[in-house]
Amino acid sequence: MIDTASTPTAVTAPPPRMGRSAWGRIAICIVLALPAVVFRIGGFAPDPLVDLLVFGGAVVAASFLLAWAAEAAQKDISGALAIAILALIAVLPEYAVDLYYAFRSGSDPAYEQFAAANMTGSNRLLLGFGWPLVVIISLLVARRYVRAGSLPASATKVLQLEQSSRLDIGFLALLAVVAFLIPLMGSIPLWFGFVLLAAFVAYLWRASKVSDDDGDDEEMVGMAGNIASMPQRARRWTIVALFVVAAAVILSSAEPFADALVESGSALGIDSYFLVQWLAPLATEAPEFIVAALFALRGMGGAAIGTLIASKVNQWSLLVGSLPIAHVLGGGTTGGLPLDGRQVEEFVLTASQTVLGVAIIIALRFHRWSAIALVALFAVQFVVTDTSGRWVLSIVHLVVAVVVAWVHRRDIVPTLRAPFRRQAV
């Protein structure tokens with residue numbers, strides 16, 4: 001008879017579980033979103049400023065839930081369909097607000113300016129603040145590895161991008177050039193919107209063909225890592241629940257939050273256009289910035305900047321392409337979303353900044369001085385607010401872009417060919 005008590009047996013480790021602190025963060029987000037749900041169901045709208053805080057807080061909280069779930073979902077879903085679904089989910093907060101403005105502009109011409117304002121603000125915030133933030137963090141983190149001797153000293157001065165980023169940069173370069181057609185036309189025609197949506201579909205299709213040299217298991221950080229560590233069944237139910245809750249909060253809060261932004265401007269004596277252009281993007285882009293920063297803190301600077309580059313591609317294709325469609329669905333003419341002089345100026349400034357950003361990263365290297373220059377030029381626009389100054393700033397962007405592109409001239413053709421190659425590298 002075998003004495004099982006004395007026989008050594010293999011000890012099976014219990015399945016990983018998400019800690020209390022992680023559940024606590026989810027609970028905090030839900031608590032922050034609850035007042036907006038109560039306001040929406042009860043039809044409360046006591047004051048524009050109160051509405052702004054309540055619904056804005058709900059959008060930010062739901063954005064965090066959405067970002068965590070979308071990143072963790074990559075553990076279970078793969079392929080082109082997953083790329084499309086996750087891309088749409090990740091941009092839902094920003095798009096919900098922006099598309100509401102475009103839809104409302106179909107029946108109320110006063111809202112036409114706000115649709116483009118939100119888009120140009122979020123676009124410039126992403127490149128002028130988000131990109132440099134990730135680069136600076138990555139270079140600071142690299143100092144630890146340089147001291148340990150695992151990286152050369154140059155790693156504290158230049159961030160090397162991943163080879164797979166060339167595809168994204170190629171698409172962004174083409175979209176940046178095409179973007180100048182918008183101010184030339186003075187509107188975003190409906191047909192042009194469909195062209196941009198086709199470009200987005202092409203981008204997803206090409207991205208799905210890029211081989212993953214790093215393997216299937218991609219490191220996840222922060223809350224996404226906590227969720228991904230759960231047992232499969234619990235993880236999937238958690239992700240679905242977070243998607244449903246976050247989407248419901250965002251879709252129900254987008255309209256009152258967008259209206260509160262406009263009304264709060266009048267109440268505070270602040271230009272409503274300014275609030276729509278900068279406050280709304282700050283709320284909707286915050287989770288994305290934090291996720292990218294976490295990657296950079298883990299020494300994954302290439303992956304961090306890669307996610308923000310992909311976001312720029314999404315904005316110039318999916319978001320801009322959707323605006324005229326929402327405008328028409330809201331009762332606007334089939335001619336598309338019209339732009340006034342201020343909008344034309346904003347699109348030129350945004351497109352010129354994008355061209356400069358492409359020129360900087362086209363060689364798959366991001367120097368620290370380039371990051372500082374982007375932040376400085378981004379800050380200048382808050383001081384130079386007159387029309388002539390904005391045009392001068394746009395010209396400065398383009399002149400500097402030409403100089404930088406000449407320095408990186410050997411990388412121009414390979415990058416522009418990347419979206420059309422049979423297999424991007």
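Count residues from 1 along the sequence. In this text the structure is predicted, and so the values were computed from the model without any measurement.
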Does the side chain of Trp68 come within less than 4.5 Å of Arg25's, by heavy atoms?
yes
Within-4.5 Å side-chain heavy-atom neighbours: Tyr111 and Asp259:
yes
Does some side-chain heavy atom of Leu66 sit less than 4.5 Å from a side-chain heavy atom of Leu242?
no
One should read off an interatomic distance between Leu374 CG and Gln353 CD, to the nearest 0.5 angstrom, of 7.0 Å
For a 4.5 angstrom cut-off between non-hydrogen side-chain atoms, does Ile136 reach Leu140?
yes
Side-chain heavy-atom pair Val178, Leu181 within 4.5 angstrom cut-off:
yes
CZ (Phe129) with more than 12 external heavy atoms under 6.0 Å:
no
Output all residues satisfying salt bridge (Lys or Arg N to Asp or Glu O under 4.0 Å) with Glu255, sequence neighbours left out; order by chain, then residue number.
Arg40
Residue pairs passing the side-chain hydrogen bond (donor to acceptor under 3.5 Å, both in side chains) test where at least one lies in residues 370-386, sequence neighbours excluded:
Arg124-Gln381, Asp386-Ser388
Tell me, do Phe39 and Val50 make a side-chain contact under 4.5 Å, heavy atoms counted?
yes
Please report whether the ring centroid of Trp278 lies less than 6.0 Å from that of Phe378.
yes
Residues passing the side-chain contact (heavy atoms from CB on, under 4.5 Å) test with Pro189, sequence neighbours excluded, are Met185, Ser187, Trp191, Phe192
Geometric class of the Trp316/Phe347 ring pair [parallel <30°, tilted 30-60°, perpendicular >60°]
tilted
Any donor and acceptor pair, going by atom type alone, linking the side chain of Ser122 with main-chain N or O of Met119 inside 3.5 Å?
yes
Atom CG of Asn314 and atom CG of Asn123: how far apart are they, to the nearest 0.5 Å?
11.0 Å
Heavy-atom distance under 4.5 Å between the side chains of Arg235 and Ile227, does that happen here?
yes
Nearest-0.5 Å distance, CG of residue Leu175 to OH of residue Tyr203:
10.0 Å
Just by distance, do the side chain of Gln160 and the backbone of Leu364 share a donor-acceptor pair under 3.5 Å?
yes
Run the ring-ring contact (aromatic ring centres under 6.0 Å, His included) test against Tyr100 and tell me which residues pass, sequence neighbours left out.
none
What side-chain hydrogen bond (donor to acceptor under 3.5 Å, both in side chains) pairs are there with at least one residue in residues 391-414, not counting sequence neighbours?
Ser352-His397
Calculate, to the nearest 0.5 Å, the distance between atoms CD1 and CD1 belonging to Ile325 and Ile188 respectively.
11.0 Å
Hey, what's the ring geometry for Tyr273 with Phe114, parallel, tilted or perpendicular (30° and 60° as the breaks)?
tilted
Would you say Ser105's side chain and His327's backbone share a donor-acceptor pair under 3.5 angstrom?
no
Would you find a donor on one side and an acceptor on the other, under 3.5 Å apart, between the side chain of Arg390 and the backbone of Val384?
yes
Does atom CZ of Arg342 have more than 12 heavy-atom neighbours from other groups under 6.0 Å away?
yes
Which residue pairs pass the salt bridge (charged side-chain N to carboxylate O under 4.0 Å, His left out) test with at least one member in residues 394-408, sequence neighbours excluded?
none
Within this structure, what is the CZ-CG distance for the pair Phe420 and Leu167, rounded to the nearest 0.5 Å?
10.5 Å
Find out whether Leu323 and Leu99 are in side-chain contact, i.e. whether some heavy atom of one side chain is under 4.5 Å from a heavy atom of the other.
yes
Is there a donor-acceptor contact under 3.5 Å linking the side chains of Glu112 and Gln343?
no
Spacing of Leu349 atom CG and Ile395 atom CD1 [to the nearest 0.5 Å]
11.5 Å
